[in-house]
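Read through the structure below, which is laid out as structure tokens, and then see the notes.
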Amino acid sequence: RSFTITEYGATPMSTTKAPVDIIIAGQNSQMLDSLANDVIAKLEGTKGLVDVRRSWVFDKVENHIIMDPVLAREFNTTPAEASVELLAAVKGIQATQMRLQGFLDIPVRVKYSSQKIDHPDKLLDSYIPTRHGMVPLRTIATVHETNAQPFITRENLRNTIDITGVNRGQTVAHVTESISERLKGFELPAGYTIEISGTSADMAKGGAEMGKSLLVGIVLLYFLLVLLYKSFLHPVTIMSVLPPAVAGALWGLLLFDKPMCKPATMGLILLCGTLVNNSILLLEFIQEARRNGVDKNTAIQDAVRLRLRPILMTTVSTIVGLTPLITESAIGLERMSPLAIVAATGLLSGTVITMIVAPVIYSLLDSLHSLFLFRKCESGSFDG
């Protein structure tokens, strides 16, 4: 009847039917069919939306055998009795079993020959028992051909029909936004709903999950550093490089014309972990020097000068390793390239920021801490 060519694996989740999936839910299948036609007409001409199709249409041919109730009473038979005979004609009935010694019994079924039941009209030649004896079914019944729903799909115990599509030339977010605008104000009967699902819904759900994971990770990292350094200020110094580095990563996405997506959020998590390691190394060097009697400014200058080379080596090696992913040098890497772009550009800007911002924040917080202790000593509330 028709055919389409669709990219296999075009969605990030195996349970997602298509990049764009509009789910219409309700009870009556005929109403769902009508609403689907109206929605498809509304979507016509949507920029970036192609390959629009529906999950089912009424194209399954069914043959209904309708028994005349007056004649059924006259012959003293019922549809249930007739259906038993039809089942025996089509499926057959078990007449006996063939017994084989040492083997399971084999059932022997008796049914009409295939030539007698290869067309619905021929079923009317089947005989059914009545009070007047065996009579052909066509005496009291007729066959009506109808088109039916080929399969039933449900969502939360409600009948559904899916209208799917593919985005081309525009991001799925832009296409979904255009669809929402076109369907705004679309009137639905009572008890019927329309939901826009697909890749955009997966992205929203995945983004919320990844954002929550990122927040939990930052909070846990802060308290871990508090326990490690026994101070509430040093973790602030270490984590002060994260906001500027994240800003650099976002500029990287803009430069490479990539959207903010789940892989990009994963890249932010990777970026934060790497930059925190660099800050820890820098802070440890400063504190070790100060424990050996070096003054604060000299310790900071020596730390930046001596730790610059190993930090640059780590940064350059990481960026070089991510280069094939950034350049999408193999098929399929375009999906994960935002991760590499965020990690590489954020690391590049974050490394420079680490060598500037972290020492400045450390010096500022250390001066404030010293001033606080001095004021406390002057007020007499500090016991040395």
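- Note that CD of Gln149 and NZ of Lys60 are 10.0 Å apart. Values are rounded to the nearest 0.5 Å.
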Legend entry - Stepwise side chain to side chain contact (heavy atoms under 4.5 Å, CB included) check, Leu225 with Met239: CA-CA 10 Å; Leu225 293 173; Met239 300 177 68; 4.2 Å; yes
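- Between Phe75 and His132, the two ring planes are perpendicular [angle over 60°; tilted spans 30° to 60°].
- A salt bridge between Lys122 and Asp125 is absent, with no side-chain N of the basic residue lying under 4.0 Å from a carboxylate O of the acidic one.
- Across all their heavy atoms, Val342 and Gly267 have their closest contact at CG1-C, 3.6 Å.
- Glu85 and Ser126 form no side-chain donor-acceptor contact under 3.5 Å, judged by distance and modelled atom types alone.
- Here Glu181 pairs with Lys184 in a salt bridge; the nearest charged N to carboxylate O distance falls below 4.0 Å.
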Legend entry - Check against side chain to side chain donor-acceptor pair (under 3.5 Å), Thr298 and Asp295: CA-CA 6 Å; Thr298 303; Asp295 66 278; 2.7 Å; yes
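- Side-chain atoms of His144 and Thr146 form no donor-acceptor pair, as typed in the model, at a separation below 3.5 Å.
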Inset, instruction - Evaluate side chain to side chain donor-acceptor pair (under 3.5 Å) for Thr153 paired with Thr160, printing each intermediate quantity in order. - result: CA-CA 6 Å; Thr153 55; Thr160 61; 3.0 Å; yes
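- The pair Arg291-Glu288 counts as a salt bridge, with a side-chain nitrogen and a carboxylate oxygen less than 4.0 angstrom apart.
- In this structure, Leu325 CG and Ser337 OG are separated by 6.5 Å, a value rounded to the nearest 0.5 Å.
- Of the charged side-chain nitrogens involved, at least one lies within less than 4.0 Å of a carboxylate oxygen, so that Asp33 and Arg54 count as a salt-bridged pair.
- Put simply, Leu227 and Leu221 are part of two different groups of oily side chains (I, L, V, M, F, W, Y) that touch within less than 4.5 Å, one to the next.
- A salt bridge links Lys258 to Glu328: at least one charged side-chain nitrogen sits closer than 4.0 Å to a carboxylate oxygen.
- With no hydrogens or angles considered, a side-chain donor-acceptor pair links Thr315 and Thr351 at under 3.5 Å.
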